[in-house]
Amino acid sequence: MPRLFEPLTLRGLTVKNRVWLPPLCQYSCEAEDGVPTDWHLVHLGARAQGGFGLVIAEASAVVPEGRISLLDAGIWNDEQARAWTRVVDFVHSQDAAIAIQLAHAGRKASTHPAFHGGPKGSLGPEEGAWQTYGPSAVPFPDLAVPAEMSTEQIAEVVEAFAAAAARAQGAGFDAVEIHAAHGYLLHEFLSPLSNLREDGYGGDFAGRSRFVMEVYRAVRAAVGEDFPVMVRISATEWTEGGFGPDEAVELAALLDAEGCDLIDVSSAANVPAQIPVGPGYQVPLAAEVAGTGATTAAVGLITEPAQAEQVLVSGDADVVLIGRAALREPAWPQRAAHQLGMEWRDIPYPRQYTRGRWGAGL
Ligand SMILES: Cc1cc2nc3c(=O)[nH]c(=O)nc-3n(C[C@H](O)[C@H](O)[C@H](O)COP(=O)(O)O)c2cc1C
């Protein structure tokens, strides 16, 4: 049995395999109300059919002003939670698990959705722009200037993450992932490049990591002891003076010590940078985090079954996330299982699809 297809248990959840779908913003809430649509049902449902053990629903805002764009998904109200339940129930019917990424875009909120060929950058006033906020009044280059958050606003956002987590749990999700990566709000606090605060939420590592730790603790308190809570981090900004691998490892160890169930190791996007993109380019970062003993997911240009298997066999990570390759190929895990030599009856095909299995011939 390839490692990719061994189960993984996180608290009360056992996931059938270790090939998971990372969060992928779909910008498909056309009514601009954060309510997931049929698109989300088909997008996540198809990948659950395709054999992913766990799918992570996209960055979903915990407050309306935490959206990247007006088309983002949300989990700040009960109408959204009810709509997510339909997606959750279908994913469960495919013998897959489903988590949701809880997000706040901070100073990178209020922008156009990231569609190729579409407009870019911050929304204009006539396009529905809203005031963004972040740790300091320092903009992401070419985006609107955020307002510096007060400590009261920080406390409100901590509460919003906790309430969203409870709502997600109530909607039937199996786990939540706190988004602390990619230059969004929690990452902005972690980075000395965007956090210039002089109060208890800035300065040294303890100050810059305080917000994310408070969010983790509030989410854990909201969902209880049986429910997995994961955190996605950017383990480097690929920029001198940024939040880098040493602090990432320190943060992962802190989170792990407090019971965080998995660290999802991504990188970048708080400042523009030269990123050495190539096959598995973030795996060494995951391996550093795995070295703390934390359960770890690796992501980033992992596209080939043998490559994915090797990440697990070498101990660089416990889980592999397949993003863009899964946009091209929703049933990537089934092909991987076939190419790694699994007997077809052990491959996660829905029974409706077994006649189209790999290697069946015509
Ligand atoms: C269309 C698209 C949307 C994305 N949305 C999110 C998101 O909602 N949250 C997040 O943490 N990362 C997001 N990412 C990053 C992916 O989760 C993943 O980390 C990245 O694509 C690298 O993995 P890959 O090379 O397998 O695609 C997105 C990436 C793409 C291509």
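We count ligands from 1, going down the list as the structure has it; atoms in each ligand are counted the same way.
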Could you go through ligand 1 and note, for every N or O atom, any protein N or O atom closer than 3.5 angstrom, writing the atom names and distance to 0.1 Å, or 'none'?
from, atom 1, to, atom 2, distance (Å)
ligand 1, 5 (N), Cys25, N, 2.7
ligand 1, 8 (O), Cys25, N, 3.4
ligand 1, 8 (O), Ala59, N, 3.1
ligand 1, 9 (N), Gln101, OE1, 2.7
ligand 1, 11 (O), Gln101, OE1, 3.4
ligand 1, 11 (O), Gln101, NE2, 3.0
ligand 1, 11 (O), His179, NE2, 3.2
ligand 1, 11 (O), Arg232, NH1, 2.9
ligand 1, 12 (N), Arg232, NH1, 3.0
ligand 1, 17 (O), Pro23, O, 2.8
ligand 1, 17 (O), Arg232, NH1, 3.0
ligand 1, 19 (O), Arg232, NH1, 3.2
ligand 1, 19 (O), Arg232, NH2, 3.4
ligand 1, 25 (O), Leu301, N, 2.6
ligand 1, 25 (O), Arg324, NE, 3.4
ligand 1, 25 (O), Arg324, NH2, 2.6
ligand 1, 26 (O), Gly323, N, 2.9
ligand 1, 27 (O), Arg324, N, 2.7
ligand 1, 27 (O), Arg324, NE, 2.7

query: Can you find a heavy atom in the side chain of Pro350 that is under 4.5 Å from one in the side chain of Gln334?
result: yes
field: Side-chain cluster (under 4.5 Å, hydrophobic types only) that Leu143 belongs to, other residues
entry: Phe140
- request: Using the six-membered ring of Trp84, assess whether NZ or CZ of Arg167 lies under 6.0 Å from its centre and within 45 degrees of the ring axis.
  value: no
Only pairs under 3.5 Å count here: list side-chain donor-acceptor contacts from residues 337-349, not counting sequence neighbours, and write none if there are none.
from, atom 1, to, atom 2, distance (Å)
Gln339, OE1, Arg335, NH1, 3.2
Tyr349, OH, Trp358, N, 3.0

side-chain hydrogen bond (donor to acceptor under 3.5 Å, both in side chains) between Gln26 and Trp39, intermediate numbers included: CA-CA 8 Å; Gln26 298 298 294; Trp39 180 271; 2.7 Å; yes
message: Can you list, by chain and residue number, the hydrophobic cluster partners of Val138 when the side-chain cut-off is 4.5 Å?
response: Leu196
